[in-house]
Amino acid sequence: MNKFIIWCVSIVTAVFMASCDSDEDTYSFIGDSLVARWDLQDSFPMLITHNYGLGGSGLSYLQDYAGRLKGDVVIVLSGTNDYRKITSQEVADRYAAEYVDALLDFGAKRIYAISVLPRDFKSDDDRSCGIIMTLNAAIAKQIEAAGEGRIVWLDVYHKFLNDKGKLNLNLSYDGLHLNPAGYEILTTELNHHIL
Amino acid sequence: MIKKILLAAAIITTSLAAHSQIGLGLRDSRYVNINYRYRNCWTAKFEQSVYSEKMGYQYFRIYAGYERTIGMFKVKAEPYFGMTYNNSYSNEGIAIGGCVTPLKWLAIEAEIVPHHDSGMGYTTCYNAGVEFKCTQQIAVTAALTNRPEYREAERRVRCGLKFNVENLWVHPQLSIPTEGYAKNVRILVGMGYHF
């Protein structure tokens, strides 16, 4: 028994000494309830992840994180709670400019922005998908204008649509929040880019 | 010479086989393992992840252990080392614990696990659980633990049913987080079969 304890302690000590702490990237996910409900460990079991999702949040929440995610790889999924504020193309353009500024202000090492997803929640009107498409186009344009590939735009909007151009309800619990099949699409898309 | 080597190998294999047991198992739905037990106290195990990721990001872990039963007490020590195939991270530790069976229908177990991850540093993990045997084949289990189910240590309550039929056991569990905004409940299955 004593020999075994000595053997165990020796092995563990040797392995501890051998494995130096690495400078591994930290992947910070920020956004609304779609992020907050995401089981990041289950989706990315081999990464160091932090979940900064907050239910009901929007652009102002992203702006609050200015300078607080320095050096991280940041993944953003936000905007669905702000879609009702988009009343015209001009408003969409202004929102997109502020959105991109907020992302750049994180101070992140790399940023992946996931497009705003379609929704079909019980309180939504028929125009929700059209407005979100306008918003996504404005954000994509603004990211391109920011240049130098500082933000990677992941347009997954169409992957969540059914034949009728509405949210595929097989990917959602309630027309807004995603089920595991919905998160699987996001995980696959992100894995293509971050691994 | 070759005959002597073959004869020696046959004798060693036969004598080992007389005291040994080989088993197959599954841990937390994501890790399959093959294990070997010698003289009912020495154990060795190789575990392989089945993440839906590229092969390089699959994880394997090697365990070696010793356990001993003294009356109603069982004590064990099990050092382990694991890493991904592309060496993106590694972790190691030692599970030191025991189990006491004061009544036929009740078992109490406790475990402390000094755990080190190359990217996340050191964590002291623990596991405290009880098992109520309803019948010879069925037991209700509950545990409080922060041992990583994937990579990060998260405090979780795990409750489930354990079914034992001859050489096979199956242990479906609900894993419920006790901290954090997102209450991501996981359904995990463990099982084992020994030959």
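Throughout, protein chains are lettered first and strands after them, A, B, ... in sequence-line order, and every chain is numbered starting at 1.
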Contact origin within A/Asp25 toward chain B - heavy atom pairs under 4.5 Å: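 Answer is neither: A/Asp25 stays 4.5 Å or more from chain B.
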Side chain, backbone, both or neither of A/Ser43 within contact of chain B (heavy atoms, under 4.5 Å): backbone
Salt-bridge criterion met for B/Arg158 and B/Glu149 (N-O under 4.0 Å):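 Answer for the salt bridge query: yes.
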B/Arg30/A/Asp42 salt bridge by N-O under 4.0 Å criterion: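 A salt bridge links A/Asp42 with B/Arg30.
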Donor-acceptor contact present, side-chain B/Arg156 to main-chain B/Thr145, <3.5 Å: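 Checking the backbone N and O of B/Thr145 against the side chain of B/Arg156, no donor-acceptor pair under 3.5 Å is found.
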Region of B/Glu53 that comes under 4.5 Å of a non-hydrogen atom in chain A: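 Interface part for B/Glu53: side chain.
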Interface moiety of B/Tyr57 toward chain A, non-hydrogen atoms closer than 4.5 Å: both
Residues, nucleotides or ligands: over 12 heavy atoms within 6.0 Å of A/Asp126 CG: no
A/Gln63, CD: over 12 other non-hydrogen atoms inside 6.0 angstrom: yes
Pick from A/Asp39, A/Thr188, A/Thr26 with the largest number of heavy-atom pairs that fall under 4.5 Å of chain B: A/Asp39
